[in-house]
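What follows is one structure encoded as structure tokens, with my remarks underneath.
Counting starts at 1 for both ligands and their atoms, in listed order.
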Amino acid sequence: MKCEDAEMLMMKYMDGEINEIEAESLNGHLLVCPKCRQAFEVYDSMLSGMSEMETAEAPEGFENAVMMKIRAIEKPEPVYSSRDKFKIRFGGSFAAVLFIGLMLMAYRDDIIGVLSLNQYTAGRVEGLKAFSEMIAMQAETFMMFFNNVIESVNAVLASGSLFIAGGIVALCAVQAFLARKKNR
Ligand SMILES: [Zn+2]
């Protein structure tokens with residue numbers, strides 16, 4: 001399909017007059033042509049902006065028909081800004097890793113104790129022990145680095161480093177959560 005043909009089908013799509021076969025071939029072109037895909041995304045966001053504004057006035061049948069056609073063509077991925085992507089990816093995983101590290105540091109023996117009692121998990125405890133020691137070691141390395149930073153910035157804060165690390169966990173998690181929620 002040529003780009004001009006795709007353009008024409010996009011107009012039909014905008015008017016809600018595209019049929020299933022046309023939608024499919026348009027979709028096929030959009031998959032291979034970044035230029036048209038970009039144009040389509042602009043049209044599509046215009047269209048969804050309009051249909052949002054018209055929700056109150058538009059007759060129900062019309063609205064449903066348009067929405068069904070939109071869904072037939074593609075399920076748009078939520079559009080994350082690159083800043084939000086960064087927050088979700090790094091904030092989320094950083095919070096998770098740090099949280100696990102802190103939990104293991106604080107409760108490692110308890111966790112291993114509980115798992116040893118269970119017949120099913122007892123056999124895995126050895127592996128877990130090694131794993132948790134590795135994580136705890138990394139967490140300790142991080143805490144050491146963290147302490148150095150804090151000490152160099154402010155000696156008063158050093159005593160509360162675990163608390164502050166917990167605060168950073170919460171902050172990362174909240175940032176990731178907000179970024180995700182905003183784009184839902
Ligand atoms: Zn094209």
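E24 places none of its side-chain heavy atoms less than 4.5 Å from the side chain of I21.
Taking distances strictly below 2.8 Å, the protein N/O/S atoms close to the Zn ion (ligand 1) are C3 SG, H29 NE2, C33 SG, C36 SG.
Transitive grouping of hydrophobic side chains (ILVMFWY, heavy atoms separated by less than 4.5 Å) brings M11 and I18 into a common cluster.
Partners of A6 under the side-chain contact (heavy atoms from CB on, under 4.5 Å) rule, at least two apart in sequence or in another chain, are M1, M10, L26, H29, C36. Q38 is linked by a side-chain hydrogen bond (donor to acceptor under 3.5 Å, both in side chains) to nothing, counting only residues two or more places apart in sequence or in another chain. Every residue meeting the side-chain contact (heavy atoms from CB on, under 4.5 Å) condition with M14, not counting sequence neighbours, appears here in chain and number order: Y43, M46, L47.
Atom CZ in F40 sits 7.5 Å away from atom CG in N27 (nearest 0.5 Å).
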